[in-house]
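Quick caveat, the model's predicted, so the values are computed rather than measured.
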There are 2 protein chains.
Amino acid sequence: MILPKRTTIYDIAKKLNLNASSVSRALANNSNVSEATRDLILKTAKELNYKPNRIASNLRKGQNQTIGIVVPRINQNYFSNVIAGIEEITYQKRYNIIICQSNESYQKEVECINTLVNQQVSCIVISTSADFAKDDHLQAVLDQGIHLVQFDRVAPNLDTHKVLNDTQEASMEAVSHLINQGYHRIALLEGPQNLSIFRERKAGYLEALRKYNLPINEDLMIENAWTKELGEKATEMLLDLPNPPDAIFASTSDFAALGVLTVAQKRNIKVPQQLGICGYANESFTEITNPPLTTIDQFSNKMGKAIANLYFEEIKNKQISTSRKIVNIKPELIIRASSQKNKI
Amino acid sequence: MILPKRTTIYDIAKKLNLNASSVSRALANNSNVSEATRDLILKTAKELNYKPNRIASNLRKGQNQTIGIVVPRINQNYFSNVIAGIEEITYQKRYNIIICQSNESYQKEVECINTLVNQQVSCIVISTSADFAKDDHLQAVLDQGIHLVQFDRVAPNLDTHKVLNDTQEASMEAVSHLINQGYHRIALLEGPQNLSIFRERKAGYLEALRKYNLPINEDLMIENAWTKELGEKATEMLLDLPNPPDAIFASTSDFAALGVLTVAQKRNIKVPQQLGICGYANESFTEITNPPLTTIDQFSNKMGKAIANLYFEEIKNKQISTSRKIVNIKPELIIRASSQKNKI
DNA sequence: TTGTAGGCGTTATCAA
DNA sequence: TTGATAACGCCTACAA
């Protein structure tokens with residue numbers, strides 16, 4: 001492909017009988033250049049339609065004004081909102097973002113990290129894939145001298161900057177709310193327990209049961225129920241129990257909660273009278289189900305902004321090895337009709 | 001910030017008493033290097049944890065293996081699906097994507113374009129903002145020797161590669177379907193008419209009315225009704241008419257259609273018996289409203305893949321000025337209960 | 001205030 | 001098959 005040659009600082013310099021370094025200084029607009037020549041340079045730069053070559057600049061300066069982001073799926077509400085939040089801040093700071101998706105595969109996650117390292121990004125922001133196994137690849141990022149911020153799904157044993165939801169407390173609150181509404185046999189839909197966030201949500205559930213002296217029943221805790229379909233299957237199982245639950249906390253996602261609701265409607269079980277439901281994530285559809293779903297808002301957009309701000313304010317100019325900062329965004333229980341037995 | 005120095009090809013060369021150019025050749029793994037030395041080089045590269053510096057490589061090669069994407073909002077279902085589709089392909093080709101959002105602002109769109117041009121991306125993929133005014137900034141991209149692919153919301157007068165839905169035909173089909181279901185006073189919720197896709201959707205609506213010899217009524221066409229709230233307001237107005245519509249085609253979005261449904265429910269108007277509804281975009285929630293919404297699937301993920309494939313197969317190695325390719329992805333009418341009066 | 005020169009890490013060309 | 005060298009476009013000591 002033949003590209004029309006771009007104008008460089010040399011072209012500007014030549015036209016004005018100046019040296020390229022003067023042009024560089026003028027365009028950086030901080031150093032010592034006489035006002036006259038600076039104006040002249042800026043004027044001809046515009047005339048010649050000069051666009052700075054960031055690649056060259058980055059190579060010279062040894063850094064890329066870019067933040068790399070790795071998420072399981074770009075087109076999942078939660079993650080796209082986090083990304084949008086990050087972008088809002090990075091844009092103001094004239095940083096770029098490069099986005100990769102791991103597709104919930106550890107293997108691809110490793111490859112994504114490699115790409116970003118090769119691109120010399122200044123910082124990598126990551127939420128790990130579901131089949132997260134080891135954290136060597138993340139350690140390697142730090143070893144390469146690249147900043148690392150983990151969010152949401154984090155490697156618990158790796159001491160890095162993190163932006164988290166207090167997911168255990170939120171789960172505790174949700175289950176406590178169900179109990180206070182008069183539900184006493186509360187089932188749990190669990191996510192993959194290799195991810196700490198799902199372990200924490202389970203811990204919150206157990207904590208609430210203990211707090212209210214309710215029995216802990218293994219039959220009521222269903223593993224890996226984190227899609228609508230798996231939520232449906234789990235619900236079928238639960239409702240077929242000799243002693244079925246009177247409420248289900250879909251700690252994995254609102255999609256699972258939707259699965260619960262679907263099965264309840266199919267079986268003509270009244271929600272919330274006969275079955276209470278609580279989901280997780282405050283997906284937009286939870287408002288419009290019938291009845292609307294109680295759920296937990298994670299403030300994904302705010303998390304994104306927190307991640308970016310953490311980088312610019314606390315991390316950017318520090319050494320890799322110092323001071324890990326943990327930011328906690330408090331999630332919020334959104335109480336809707338699907339769990340309000342008392343109100344009926 | 002003090003970075004631990006990365007290993008370069010020189011480090012490898014020094015260790016092996018070779019020249020950097022040999023190392024470069026070995027790593028590029030195509031040119032003429034003896035197998036023995038190549039193996040040696042690859043081995044020590046791994047030992048020294050060598051990571052290629054893509055920035056330097058890109059500078060030297062005068063091209064960035066990166067595609068820049070500009071969309072109104074990252075966290076809108078349609079766009080995040082398109083992006084996910086693009087990423088699937090670019091990832092295989094070892095390209096990166098840089099994503100910017102214009103936030104529906106023309107001003108920010110121009111700035112995004114500039115950033116991407118400065119980053120020397122190989123190609124810019126764009127869907128314009130709602131207050132799209134001029135296409136100078138897009139023309140400028142081409143003038144800079146950067147490939148341009150427009151999708152969905154395109155500048156109609158700018159002759160570039162485009163990936164489109166045949167939105168007029170889809171609208172025509174949708175309205176024809178409503179007519180065939182027995183609705184005869186069909187209202188239209190319009191999007192901003194400065195965007196060609198919304199003009200086309202209106203054209204499809206008018207085409208269907210003409211085809212079936214139905215009168216065209218200005219009162220039934222509501223401008224700028226493209227959010228849930230605006231959809232609600234528009235519906236209130238329409239239902240207050242002396243001669244209200246018996247169906248509403250929310251050509252702008254499913255969110256607007258949801259607004260229609262909300263107002264209908266509030267007024268105890270039965271859907272689809274008394275009011276037919278059709279939305280646009282096949283958002284995930286349309287399946288679970290009560291009744292489920294008839295809508296149009298745009299195959300956003302497929303569009304994303306088509307965009308990326310178009311670039312790699314048709315554009316990448318050609319000159320900017322030659323052969324504009326237009327790819328049409330046929331959208332599909334998804335018929336659900338909200339428009340099926342006949343079935344009742 | 002301006003000019004000179006060297007280098008960031010690669011790759012491409014030419015010569016050996 | 002390998003080595004030497006220049007160049008991609010920019011920035012920054014240092015000298016003038």
- Send over the distance from Arg25(A) CZ to dA13(D) P, rounded to a whole Å. 12 Å

- Hey, does Asn19(A) reach any base, or is it just sugar-phosphate, or nothing, if we go heavy atoms under 4.0 Å? base

- Message: Taking any heavy-atom pair under 4.0 Å as a contact, classify Asp11(A): base, sugar-phosphate, or nothing.
- Response: nothing

- Pick the nucleotide of DNA chain D nearest each of Ala56(B) and Ser57(A); which residue has the one closer to the 5' end? Ala56(B)

- Query: More 5' along DNA chain C: Tyr10(A) or Leu18(A), using each one's nearest nucleotide?
  - Reply: Leu18(A)

- Leu59(A) CG to dC8(D) C1', in whole Å, measures 9 Å

- Message: So Ser34(A), base contact, sugar-phosphate only, or nothing? Heavy-atom distance under 4.0 Å.
- Response: sugar-phosphate

- Query: Can Thr66(A) and Ile98(B) be said to form a side-chain contact (heavy atoms from CB on, under 4.5 Å), step by step?
  - Reply: CA-CA 9 Å; Thr66(A) 299; Ile98(B) 296 185; 5.7 Å; no

- When rounded to whole Å, the NZ to P distance for the pair Lys61(A) and dA13(D) reads 12 Å

- Query: What is the distance, rounded to the nearest whole Å, between atom CG of Asn58(A) and atom P of dC8(D)?
  - Reply: 18 Å

- With no hydrogens and no angle check, do the side chains of Asn96(A) and Gln119(B) hold a donor and an acceptor under 3.5 Å apart? yes

- Spacing between Leu16(B) atom CG and dT2(D) atom P, to the nearest angstrom: 11 Å

- Does the distance from a Lys or Arg side-chain N to an Asp or Glu carboxylate O, for Lys108(B) and Glu87(A), drop under 4.0 Å? yes

- Task: Work out which heavy atom in Gln150(B) is nearest to a heavy atom in Leu158(B); give both atom names and the distance.
- Result: NE2-O, 3.8 Å

- Task: Specify the separation, in whole Å, of atom CD1 of Ile9(B) and atom C1' of dA4(D).
- Result: 13 Å

- How long is the line joining NZ of Lys14(A) and P of dC10(D), in whole Å? 13 Å

- Quick one: sort the Phe312(B) and Tyr95(B) rings into parallel, tilted or perpendicular, breaks at 30° and 60°. perpendicular

- Does the pair Lys325(A) and Glu313(A) meet the rule for a side-chain contact (heavy atoms from CB on, under 4.5 Å), with working shown? CA-CA 11 Å; Lys325(A) 181 114 186 192; Glu313(A) 286 159 22; over 6 Å; no

- Note on the structure: Closest to the 5' end of DNA chain D, once Thr37(B) and Lys51(A) are matched to their nearest nucleotides, is Thr37(B)

- Query: Mind checking what makes ring pair (Phe, Tyr, Trp, His ring centres under 6.0 Å) contact with Tyr10(B), not counting sequence neighbours?
  - Reply: none

- Message: Heavy atoms within less than 4.0 Å of DNA chain D: which residues of residues 41-49 of chain B have one? Give them sorted by number.
- Response: none

- Residues Arg153(B) and Glu104(B) bridged, charged N to O under 4.0 Å: yes

- Whole angstrom value for the distance that separates C1' of dG9(D) from CD1 of Ile12(A): 12 Å

- Geometric class of the Tyr106(A)/His137(A) ring pair [parallel <30°, tilted 30-60°, perpendicular >60°]: perpendicular

- Message: Show the nearest heavy-atom pair for residues Gln120(A) and Asn53(B), with the distance to one decimal.
- Response: NE2-ND2, 3.2 Å

- Message: Reading DNA chain C in the 5' to 3' direction, which nucleotide is the first one with an atom under 4.0 Å from a heavy atom of chain A, and which is the last?
- Response: dT1(C) to dG9(C)

- Message: Base, sugar-phosphate or nothing for Ser21(A)? Non-hydrogen atoms, less than 4.0 Å.
- Response: base

